[in-house]
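Treat the numbers as computed from the prediction; the structure is a model and nothing was measured.
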Amino acid sequence: MSPEDGWKEDLCRKHGMKLLLLCREDREVFCLCCEKTQEHRDHHLCLIRDAVKECQEMLQAALRRLQKEQQEAEELEADIREQRTSCKYQMQTERQRIRSEFNQLRCILDCEEQRELQKLEEEERKTLDNLAAAEAELVQQSWLLKDLISDLECRREWPTQALLQDTSGTMKWGEVWTLRKPKLVSKKLRRVFRAPDLGAMLQAQRELTHVQCYWEDITLDPFNLNLNLVLSEDQRQVISVPIWPVKCYNYGVLGSQCFSSGKHYWEVDVSKKTAWVLGVYCRAHSCNTELALGRGTEHQNAHAIYRPQCGYWVIGVKNAFKYKAFEDASTCDLNVLTLPGAVPPLRVGVFLDCEAGTVSFFNVTNYGSLIYRFSKCSFSQNVYPYFNPWNCPAPMTVCPSSS
């Protein structure tokens, strides 16, 4: 509706009247006089204001639809950016996990390699020392033989009378001399290396890492402590000292913390000890209190004390190599433990799960391999960590979580 020849844009160019109608077929606007002509007689006509309103509504609807499409596009774009960020984070996390897993495997392999090489070097040293001792003994015998042979050869040149009157015993010695042969050393290695089960070792390490999430800061209870036990200033270390001429001691000491629910974990350093007992204690109504606490008892009667029916779920070692678990089965038959990988635990982890009723012991020195697990434990009262340095003067130390 552009104005031409100076006409106003809302006036008909033919009749000069206001434009009020729209022909939908021709998309032309005209006045009332134009309506009477034959040109638009059979066409669909409508008022301009109605057509404008309709157009505005259509434009508004299209605008709303396109704005909605634009919003959806922006949301999808933001979602894709978020997915990209999440994907990068997941990939980075997985990359770190893969590296961590393989670093653990390399660490295990390196430690096992060093351990096996140390064992081989020890066997080599002992074998070479034995061979050197055997060689030295043979050299000494060889010198003696040379001297004896030289003496006998000289006597062959002696006059008959001098030979018959010889009382030095050299001839007799030559008759009875016997070479002392050294013990034979096997040409085969006593130990043959077998590759460790990395899967089992890694699984054990994962289980140890899981239970270490429940680490408790345990200290030792200084109250009701027997005279033969000495605690360190930070109450993390206990040492057993002999009290002459007394022979019966109370070696046990409880932790200052007690538990009635949940999961709890702590570690004990026994690296310098040849004998110890540790685990948990829960007062049992069926046992005499003094007996349960181990007061005035001989070492040989320990198997009658450290049993679950007396409130003890413990394991122990005697003479550095005899590891045992104290069960209810018999008062004299202890469960002898076979350590996985034959690596003595220098550090023992104790995991208490009150809900599951289990007490587990882990060999932290051997990547967290399971030493022993008590199942179906019945805790009627509060459970205390229990420590027993036994008759070994070396210290037993509760490790802080930061270690």
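- In Q96, the CD atom is crowded: over 12 heavy atoms of neighbouring residues, nucleotides or ligands sit closer than 6.0 Å.
- For the pair E122/Q118, no side-chain contact is recorded, criterion being any heavy-atom separation below 4.5 Å from C-beta on.
- The two residues R180 and L138 make their nearest non-hydrogen contact at O-CD2, 4.2 Å.
- Between the side chain of S256 and the backbone N or O of L220 there is at least one donor-acceptor pair closer than 3.5 Å.
- The closest side-chain heavy-atom distance from W215 to Q212 is below 4.5 Å.
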task: Check the pair E123 / K119 against side chain to side chain contact (heavy atoms under 4.5 Å, CB included), numbers first and verdict last.
output: CA-CA 6 Å; E123 180 179 349; K119 292 178 181 178; over 6 Å; no
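- Note on R206 versus E101: salt bridge recorded, some NZ/NE/NH1/NH2 to OD/OE distance being below 4.0 Å.
- Salt-bridge check for R97 with E94: passed, with a basic side-chain N closer than 4.0 Å to an acidic carboxylate O.
- Note that the CE atom of M58 and the CD atom of Q56 stand 11.0 Å from one another [nearest 0.5 Å].
- The minimum heavy-atom distance between S360 and L370, with the atom names listed, is CB-CD1, 4.1 Å.
- Shortest non-hydrogen contact noted between I218 and R236 is O-NH1, 3.3 Å.
- Two residues are said to be in side-chain contact when any heavy atoms from C-beta on lie closer than 4.5 Å; R115 and N366 meet this criterion.
- Two residues are said to be in side-chain contact when any heavy atoms from C-beta on lie closer than 4.5 Å; V359 and F379 meet this criterion.
- Separating the CG atom in L208 from the OH atom in Y367 is a distance of 12.5 Å, to the nearest 0.5 Å.
- Taking both residues in full, the closest heavy atoms of Y265 and G349 are given as OH-CA, 3.5 Å, listed atom of the first, atom of the second, then distance.
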- request: Dump the intermediate steps for side chain to side chain contact (heavy atoms under 4.5 Å, CB included) on V314 and N388, then the final yes or no.
  value: CA-CA 10 Å; V314 296; N388 184 327; over 6 Å; no
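- Taking each heavy atom of E355 and S261 in turn, the nearest pair found is OE2-CB, 3.4 Å.
- The pair D129-R125 meets the salt-bridge criterion, since a charged nitrogen lies less than 4.0 angstrom from a carboxylate oxygen.
- Proximity of V277 to Y312: side-chain heavy atoms (C-beta onward) are nowhere separated by under 4.5 Å.
- Counting only distance, with no hydrogens or angles, the side chain of T85 and the backbone of R81 share a donor-acceptor pair below 3.5 Å.
- Aromatic ring pairs are classed by plane angle as parallel below 30°, tilted from 30° to 60° and perpendicular above 60°; the pair F259 and W266 is parallel.
- How far CG of L66 is from NZ of K68: 12.0 Å, rounded to the nearest 0.5 Å.
- Within the 4.5 Å cutoff, side-chain heavy atoms of I371 are placed close to those of P345.
- One distance of note links CG of L346 with CG of D269; it measures 7.5 Å at 0.5 Å rounding.
- A 4.5 Å side-chain heavy-atom check between L225 and V238 finds every atom pair outside the cut-off.
- Proximity of a side-chain donor or acceptor of T365 to a complementary backbone N or O of R347 within less than 3.5 Å is detected.
- The distance from atom CH2 of W313 to atom OH of Y281, rounded to the nearest 0.5 Å, is 9.5 Å.
- Within the 3.5 Å criterion, the main-chain N or O of M396 finds no donor-acceptor partner in the side chain of K273.
- In this structure the side chain of Y384 never reaches within 4.5 angstrom of the side chain of V253, judged on heavy atoms.
- Here OG1 of T358 is found 8.5 Å from NZ of K263. Values are rounded to the nearest 0.5 Å.
- Using a 30° and 60° split on the angle between ring planes, Y306 and W390 fall in the tilted class, from 30° to 60°.
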task: Evaluate the criterion side chain to side chain contact (heavy atoms under 4.5 Å, CB included) for residue pair Q141 and E137; output intermediate values, then yes/no.
output: CA-CA 6 Å; Q141 292 187 75; E137 184 179 356; 3.7 Å; yes
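- If you look at F374 and Y372, their ring centroids are closer than 6.0 Å.
- Taking each heavy atom of D217 and Q257 in turn, the nearest pair found is O-NE2, 3.1 Å.
- When the shell of 6.0 Å around CD of E135 is examined, it contains 12 or fewer heavy atoms from other residues, nucleotides or ligands.
- Judged by distance alone, with hydrogens and angles left aside, the side-chain atoms of D79 form no donor-acceptor pair with the main-chain N or O of E75 at under 3.5 Å.
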